[in-house]
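The figures that follow rest on heavy atoms only: side chains count, while hydrogens, waters and symmetry mates do not. Owing to the predicted nature of the structure, the values given are computational and were not obtained by experimental measurement.
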Amino acid sequence: MKLKARHKRFILIGIGLALIALAATLILNAFRSNMVFFYTPTQVEKGEVPKDTGFRIGGLVVPGSLKRDDDGLTVHFVITDTSKTVQVIYKGILPDLFKEGKGVVAQGKVDASGLFVASEVLAKHDENYMPPEAAEALKRARENSTSTLVVPK
Amino acid sequence: MHINWFKYSSPQTFYPLAGKMIPWFYGLAVLFALAGLYVSFALAPTDFQQGEAYRIIFVHVPAAWMSMFIYIVMAGWAAFGLALNARLSAMMAQALAPTGAMFTFLALVTGSLWGKPMWGTWWVWDARLTSELILLFLYLGFIALQSAIDDPRRSDRAGAVLALVGVVNVPIIYFSVKWWNTLHQGSTISMTAAPKMVTIMLLGMLFMALAFWMYSIAVALVRVRCIILERERSTEWVKNLFGEEK
Amino acid sequence: MMHWGSWSAFFSMGGYAFYVWFSFGITAVSLFIEVIALRNRRSEAIRLSRLLAQN
């Protein structure tokens, strides 16, 4: 089938305009809601989070706070931004990088008792890359330096 | 040494020059790719938190760099063509767009393949991922607009306007992880801080980036030669070029 | 293979074989397709130019 040049042009202009419109829609949508990808526990505490609808919270998993129920799927943990904390309950599979002390972003709702019921849990990792031995050495160095800082006090 | 750049700004003189440069850039691309793959898989150690999955960085980050860099270069050529009414500049912009779109696509796909095992999701609508997707639409919009208008002058002008409007998206992509909170992590390599990565991993990434860069130059030159022939088919110099050989 | 114990360890990529090899694979395939597509476009452009020049 051979399209007339004029028709082909109209179709291509249509596709071009549709793509630009799609890009613009995405930009506007991103500016409206997704600029705040997640809220911090402090914002949750202050009530700066959307009411009635779901939202995401982000922070670090408090070390020692991760507990598993007997069903093996339901997990409890605490998210902190180092000043405030939020209790989270989640039923499902955790991502491989989910670890205590590491970053996490959870999507869900706050229930009546103030518990955050997550429907999705994502791991947020940092931008550092190094072999395990280097990470271990760094950790040891940090522990030594903090202990010397703390002791004189 | 004085080089008459204007001499090379005509398609007629640039055509054979580009032809001579292409094998060199292809060769460099292959060399850097071999070195990059060797470092990425044989020399670079396991990562302390992501294990072997982090090796996706060796294609993901160079592809993402190229997607943004090519867009800036493309917009630069387009602006140059618009300002000086230079035919070859507009052709260069046109020649870069498909390669830029391909690297944007690769950055998105490899990012998705990295996000699934590490973050736990193929895709999220955070500022970094959304703005990179917009970049893909800008490339595709540019290509569609250019091919929609038959008159080369008008199509170059329309494409240039779109390319220049879209350029604001590039700093948005780059700084998105700083300006807003995102699931995507911050920059490992930045102009203001030491790289947050051991040297051998960094070397692998730089080799791969150089390979993609050389590859991009090579294919853009091949494509610009096609565009030159397609547009100037009925000019005397093209006829002379192909008329004598039997 | 420097720190890989065996070839099978290398190919399994610590359990992330699918993600790692798919990423590198799709990159290689994309570059290859672009090169081939350009080769075809070039021979078509030359064919038409020659046709026009010799008539």
Side-chain angles (χ1 to χ4, degrees), chain A residues 5-6 8-27 29-31 33-40 56 58-59 92-99 102-107 120-139, chain B residues 44-51 53-54 57 115-121 124-128 130-131 133-150 158 162 165-166 169 172 176-177 179-190 195-198 200-202:
Chain A
R6 198 156 49 102
K8 197 178 146 205
R9 190 162 65 230
F10 276 124
I11 291 166
L12 284 166
I13 287 177
I15 293 171
L17 283 176
L19 284 168
I20 293 163
L22 194 60
T25 314
L26 286 175
I27 290 171
N29 191 45
F31 269 100
S33 62
N34 287 303
M35 286 298 109
V36 184
F37 187 69
F38 59 79
Y39 295 89
T40 60
R56 293 188 192 88
I93 298 159
L94 292 169
D96 292 6
L97 277 192
F98 183 92
K99 272 198 193 89
K102 296 287 180 186
V104 70
V105 174
Q107 161 101 49
E120 188 182 32
V121 172
L122 304 175
K124 178 171 164 60
H125 63 80
D126 60 29
E127 61 274 29
N128 298 307
Y129 303 90
M130 62 186 103
E133 309 87 68
E136 193 55 42
L138 210 65
K139 199 175 146 201
Chain B
T46 305
D47 180 58
F48 75 113
Q49 53 180 353
Q50 302 190 36
Y54 94 94
I57 204 173
K116 184 60 186 167
M118 294 295 107
W119 298 341
T121 182
V124 288
W125 293 98
D126 81 348
R128 169 56 71 83
T130 307
S131 54
L133 182 64
I134 290 169
L135 184 71
L136 181 62
F137 290 141
L138 285 169
Y139 274 121
L140 296 179
F142 177 86
I143 294 167
L145 188 65
Q146 284 251 296
S147 53
I149 304 170
D150 288 333
L162 175 61
V165 170
N169 189 43
I172 291 180
S176 56
V177 289
W179 291 344
W180 302 290
N181 61 32
T182 52
L183 184 62
H184 196 286
Q185 67 280 8
S187 306
T188 297
I189 317 289
S190 71
K196 300 175 176 97
M197 183 176 229
V198 294
I200 191 72
M201 295 178 180
L202 188 66

Select one option (side chain, backbone, both, neither) describing which atoms of I200(B) are under 4.5 Å from chain A's heavy atoms. neither
The criterion is side chain to side chain donor-acceptor pair (under 3.5 Å); which residues satisfy it with T40(A), sequence neighbours excluded? Q43(A)
Checking I57(B) against chain A: side chain, backbone, both or neither under 4.5 Å from a heavy atom? side chain
Nearest-0.5 Å distance, CE of residue M130(A) to NZ of residue K196(B): 11.0 Å
Do you know the tightest heavy-atom contact between M118(B) and A123(A)? O-CB, 3.5 Å
What part of V121(A) is in contact with chain B, defined as an atom under 4.5 angstrom from a non-hydrogen atom: side chain, backbone, both or neither? backbone
Looking at residues at least two apart in the chain, or sitting in another chain, which of them share a ring pair (Phe, Tyr, Trp, His ring centres under 6.0 Å) with Y54(B)? F58(B)
Residue, of E120(A), E127(A), K99(A), that accumulates the most heavy atom pairs under 4.5 Å with chain B: E127(A)
Drop me the distance from D47(B)'s CG to Y129(A)'s OH, to the nearest 0.5 angstrom. 7.5 Å
Check whether M201(B) gets within reach of chain A through its side chain, its backbone, both or neither, counting any heavy atom under 4.5 Å. side chain
Contact part of E133(A) toward chain B, heavy-atom cut-off under 4.5 Å: side chain, backbone, both or neither? neither
Do K124(A) and L183(B) have side chains that get closer than 4.5 Å, going by heavy atoms? yes
Please lay out, stage by stage, how Q49(B) and N128(A) fare under the test side-chain hydrogen bond (donor to acceptor under 3.5 Å, both in side chains). CA-CA 9 Å; Q49(B) 53 180 353; N128(A) 298 307; over 6 Å; no
With rounding to the nearest 0.5 Å, note down the distance linking CG in D96(A) to NZ in K116(B). 10.0 Å
Which bit of L202(B) comes within less than 4.5 Å of chain A, counting heavy atoms only: side chain, backbone, both or neither? neither
At a heavy-atom separation under 4.5 Å, does S187(B) approach chain A through its side chain, its backbone, both, or neither? backbone
With no hydrogens and no angle check, do the side chains of Q50(B) and H125(A) hold a donor and an acceptor under 3.5 Å apart? yes
In terms of heavy-atom pairs under 4.5 Å with chain B, which of A134(A), P131(A), P95(A), A135(A) leads? P131(A)
